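These notes concern the structure reproduced below.
Here the structure is a predicted model, which is why all the values come from computation and not from measurement. Chain A is the first sequence line, chain B the second, and so forth, proteins listed ahead of strands; every chain is numbered from 1.
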Amino acid sequence: MNKTILECNGIAAGYVKGLNILQGVDLVVHEGEIVSIIGPNGAGKSTLLKAIMGLIKVSAGRFYINGIEKTNLSTHKIVTEGIGYVPQVANVFPSLTIEENLEIGAWSVNNKKESIKNIYTNFPMLSERKKDKAGNLSGGQRQILALARALITSPSLLLLDEPSAGLSPVAINEVFDSIKEINDSGVSILLVEQNAKRALAFSDRGYVLDQGRNAYQGKGEELLNDPRVIDLYLGKL
Amino acid sequence: MSNNLISVNNLKKSFGGLKAVDVQELSFKEGELTSIIGPNGAGKTTFFDLISGFQDADSGSIFLKDKDISNAQPYKIARMGMVRTFQLTKVFDRMTVMENLLFSGSNIKNDSFLRSFIKLNSQKLYESNLREKANEIMNDLNIGHMANSYARELSGGQKKLLELARSIINEPEILLLDEPLAGVNPKLAEDILSLITKLSDSGITILMVEHNIEAVMKISERIVVLAEGSLIADGIPNEIRTDSNVIEAYLGKADE
Amino acid sequence: MLDQLGNGLLLGIIISVASVALSLLYGVTRIVNFAHGEIIALGAIATLFFSSPLDYRVLFLEKFSPLGLNFAISCFLAIVVCGLFGGLLEVFLFRPLRKNDVGNIAVLVVTIGLSILVRHLYLLFATGKVQNFPLELQRRQTYLFFDMTPRNFNVLIAGIIVMIIVGLLLTYTRLGKAMRAVRDSEELSSVSGINSDNIILITWVSSSMLAGLAGIFQATINDVRWNMGFLILLLIFAGTVLGGIGTSFGAMVGGLMIGIMVQVSVGLPFMEGHTEAKNAVALAVMILILLFRPQGIFGKKERIS
Amino acid sequence: MTSTKISFRFMFALLVTAFSIYLVFFLNPDGALRILLNLLTFAGIYGLSAIGLNVHFGWTGLLNFGHASFMGVGAYVTLLLMPHAAGREGEVTTTGLPFFAALIIGIIAAALFGLLLGLPAIRLRGDYLAIVTIAAAEIFRLLVRDLESITGGVYGIINYTENFQKYRPLFIDNFSGNLGFSPSQAWVCLAAWVSIFFTVLLLKRLTNSPWGRALRAVREDEDAVRAMGKNAVWLKLQSFMLGAGIAGLSGVLLAFNYGSLETTVFIPLLTFYVWAIMILGGVGTITGPIFGSIIFWVIISETDRLAYLLFENANGQQLAGVRFLLVGVLIMFLMIFRPSGLLGKKEELLLDVK
């Protein structure tokens, strides 16, 4: 077994005091893995990512990053622990140029020029349009920029919140190809996806959340063919 | 179109470049209990916003009881008998549960400044009848014991109930329910479902957006599926459940 | 008319600098700062205190002597004082309010209270007399089309240079980019590793320094008064709104336009004999803009109703 | 929320008020009554204005920072309709309406100005509305100052008090003579408190009425109001009119208390005074501003002592400085530590209007 990068134990969190959307979630991500979190709307998938990033306060449970407890660390410090995050909406700075987006992404990196250059080699599209405002990019291009912005810190784990949301099928393919490449370069991925089949086929393991709790977990392929998962989405008759 | 209570034609709405709603033709019959389902971002709530007047469509028309309401103000649409609830429950936080209901139940004439100042006996009578009606509804919905609490003190589920109570106190013809079960515990969800069924049986036309598919399958007479703003399926629950378009829209294809 | 245009440019540059400062702060913190005018006045009063001759006992209960420093050094020190004041406000007042989730409206009312408090501190400690910087009188000269004193012309040039520098700093420095990033999305900034508390603090300091500079300009052209900031505050709001709240470029142009509008309106036929009402014209324009193009001339569409 | 809790808060407010009045006697062994009369006159007038503001902000959630202009419209319209003298030359107008007719028109004018100022509220969110209302009030003030031929401009209006003082009942003169009061101020004071009494009666009648309920619903959630078939815009405008009308009345009383009317009365600071009183008394309450106003004016009138402590031989400017300084501190302190004021309910403390 590879070493554990992220471990969540019984995480409970929510936006409003006393109303927890997450009600005890356990989750582990190992080095090099792609792990997806699926589940019906309102299951708390995005909330879990936000809680990990310290964007909302965790009221119970603990996080460990590389084996050290980091519960309720401030967000900008979590980033320096090697965790990157791409939110679902507002995932780029629209009034900043692509280059500026990357510079902000590289805020806590020591060798900024070098890392931005690396990104440009990996994503030539961004290099071509580096003086364009991010607000003028198409959905797919934005998603690529968002990925690049999060990657620039060379994180060991990348949290992705519905990277396929609102994209055309072609753009989705591109985004998923990029994610695969990122993973091949050694970055672990924790992915929240609406497109469950796609995500599971693509992942090493999957977690199914339902109403803020773990419902099932297992290997991607196993969950993909589990009738209980379909039931969770489309109901039993 | 005599028994079509609501019908929309070529309804389009987009935000920036993003197409939120693009529905060619869709109509709802009187008395029907229809659920609108679809994955996140399918445009369900936007569709509700359009037909209830909270957003203006880019193009297309909406008819309610054969009247064009395409760009009508929300309050005028509500006065025509179509009342909606909201995905994020909107109760009047700093008013009591009773006041929430009285406000909603009271008609416009009763709300007028002059009448409120003069306080005729007829108004007092109206108010006391309203109070009785509110009490009845609250008891039906099991929030009677909270009548004098501030609405903000209610739990999430109780707020949902209050919003429901508020929408039905005026005996609307059409009820638009935006995720009536969201964030509600299973026991309460049962209660709300049976209430919705009861309302439907009493003849109210109901459109409901809901993510709890099991519940939707159980009580709907008809299901309309939206994906990326467009209509992809329309039929009875059994058909929808096996519709390959729907399964694909929800779970996606393994390879594209 | 040309004279009015020259005066308008001068007033415009003051409002412009102050509007950029206000807009910067609003963009990053969402605070509508009614105490902005008091920071402007602080710039002028501090300069007066640093630079007035030693025997000039108007300030500070007439007990303390001014410092009699070189004028340029005094301006510099005054701007530093303003920055310090803004930083203290953030650390001891607005940050705790933010951490306790105090709503925007409550914070707005707090800035009103702050404005009244600080303004009357000036009245008490810096006296209510109208005063001038210790600068010799100058004769008007013609520059291109405009008649103005060399000093006012310098203010105009300095203002334009400052605006260009601010623009360049915002566009090209790491800090400027971070400020724009926090303005776009605080959440995304923090997940990019930015400590937004620090950025907000720096925003307060730089906004206050700019405001102080605007105060020095204002006092150089006109005079030092305890309530000079409050008198000009609504025009600054107008400038900010006109250009589009939250956009620095818009605030620059909006401020300039308001200044010109105020001074030029004096020359309008229906304004004859009604010079007192010149500010009213600018305020009316602001209200109309808010009603019909609430995002301002350069602002992006944003839900404000 | 139980009735015992209300009465506890009420008792508390009453006690604090009584204590502050006692302070006046304690600190001013000589002439306390005269000081008290002056103080209660201002308290009545400003309290009335704050009651109007509370209809806007407390009931309906409208962030109105142009309240001084409503008071101004009421005062100017009323005075100009009656016999008066105005301007640099003191140009005398001998004809005019009797007081009560002029007053009613003045109040209506203020309400209509409220309607006008309320129009932006249809489209604008809280903080923008604050900027627009304060700007509109400034426009009003600048115009009044500039239209010297009508309003007297900076020279103001004089010789109008008789229109009101001629209705002064005899008993006031008798009892004022005994206590060393100015009978004309005593009459204004009485009028102010009678106005408060009837305004409170009116609002009490309205607050629990369907109309008052509707205003509070607008404050809570406009979308839900519209979804229930109610015209939120019209409700907001009505609220603006009612509050502005009340402010108009208080503006007239203020003019009679001063005896001469100048544009400098209606500066933004007047609005901020009224805001301080409203917050102190309790946002969203009816009687709160009354207590708030009395306590506020006791503080104001006794700050002079503080000024004398700070400055030997304090001059008028220093006295005013200390007063206003305290107003600023009061507003900040209340907003941060007790936004519900003396009488406000903690349950209604959510101040984040949208």
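- Ala276(D) does not touch chain C: none of its heavy atoms, backbone or side chain, sits under 4.5 Å away.
- Highest contact tally toward chain C, considering only Leu269(D), Val327(D), Leu119(D), Val154(D), is held by Leu269(D) [criterion: heavy-atom pairs under 4.5 Å].
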> Stepwise, does the side-chain contact (heavy atoms from CB on, under 4.5 Å) test hold for Val110(C) with Ile336(D)?
Replying inline: CA-CA 7 Å; Val110(C) 169; Ile336(D) 295 172; 3.9 Å; yes
> Run the side-chain contact (heavy atoms from CB on, under 4.5 Å) check on Phe65(D) and Leu108(C) step by step: do they pass?
Replying inline: CA-CA 11 Å; Phe65(D) 276 100; Leu108(C) 185 151; 3.8 Å; yes
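- In this structure, chain C has a heavy atom under 4.5 Å from the side chain of Ile279(D), while its backbone stays farther away.
- For the atom pair Ile116(C) CD1 and Tyr273(D) OH, the distance stands at 9.0 Å (nearest 0.5 Å).
- Aromatic ring pairs are classed by plane angle as parallel below 30°, tilted from 30° to 60° and perpendicular above 60°; the pair His120(C) and Phe324(D) is parallel.
- Using a 4.5 Å heavy-atom threshold, the side chains of Tyr128(D) and Leu290(C) count as touching.
- In this structure, no portion of Phe333(D) lies under 4.5 Å from any heavy atom of chain C.
- Within the model, atoms CD1 of Ile134(D) and CD1 of Ile112(C) stand 6.0 Å from one another, a figure rounded to the nearest 0.5 Å.
- For Tyr122(C), no part sits under 4.5 Å from any heavy atom of chain D, backbone or side chain.
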>> Could you go through Glu138(D) and Asn279(C), starting from their C-alpha distance and side-chain angles, then the distance that decides it, and tell me whether this counts as side-chain contact (heavy atoms from CB on, under 4.5 Å)?
In response: CA-CA 9 Å; Glu138(D) 274 298 274; Asn279(C) 286 3; over 6 Å; no
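- Only the side chain of Val32(C) comes within less than 4.5 Å of a heavy atom of chain D; its backbone N, CA, C and O stay farther away.
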> Would Ile131(D) and Met286(C) count as a side-chain contact (heavy atoms from CB on, under 4.5 Å) if you check the C-alpha gap in whole Å, the side-chain angles of each, and the deciding distance to 0.1 Å?
Replying inline: CA-CA 10 Å; Ile131(D) 296 174; Met286(C) 171 182 82; 3.6 Å; yes
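- For Leu121(C), the parts sitting under 4.5 Å from any heavy atom of chain D are the backbone and the side chain alike.
- Ranked by heavy-atom pairs under 4.5 Å with chain D, the list Ile287(C), Leu97(C), Val118(C), Leu93(C) is led by Ile287(C).
- Separation of atoms CG (Leu142(D)) and NZ (Lys278(C)) is listed at 10.5 Å; rounding is to 0.5 Å.
- When heavy atoms are compared at a cutoff of 4.5 Å, Val322(D) approaches chain C by way of both its backbone and its side chain.
- One finds the CZ atom of Phe57(D) at 7.0 Å from the CD1 atom of Ile105(C) (value rounded to the nearest 0.5 Å).
- Put simply, of Leu123(C), Thr111(C), Val107(C), the one with the most heavy-atom pairs under 4.5 Å next to chain D is Leu123(C).
- Put simply, the side chain of Pro268(D) reaches to within 4.5 Å of the side chain of Phe230(C), judged on heavy atoms.
- Rounding to the nearest 0.5 angstrom, the gap separating the CE atom in Met335(D) from the CG atom in Leu114(C) is 14.0 Å.
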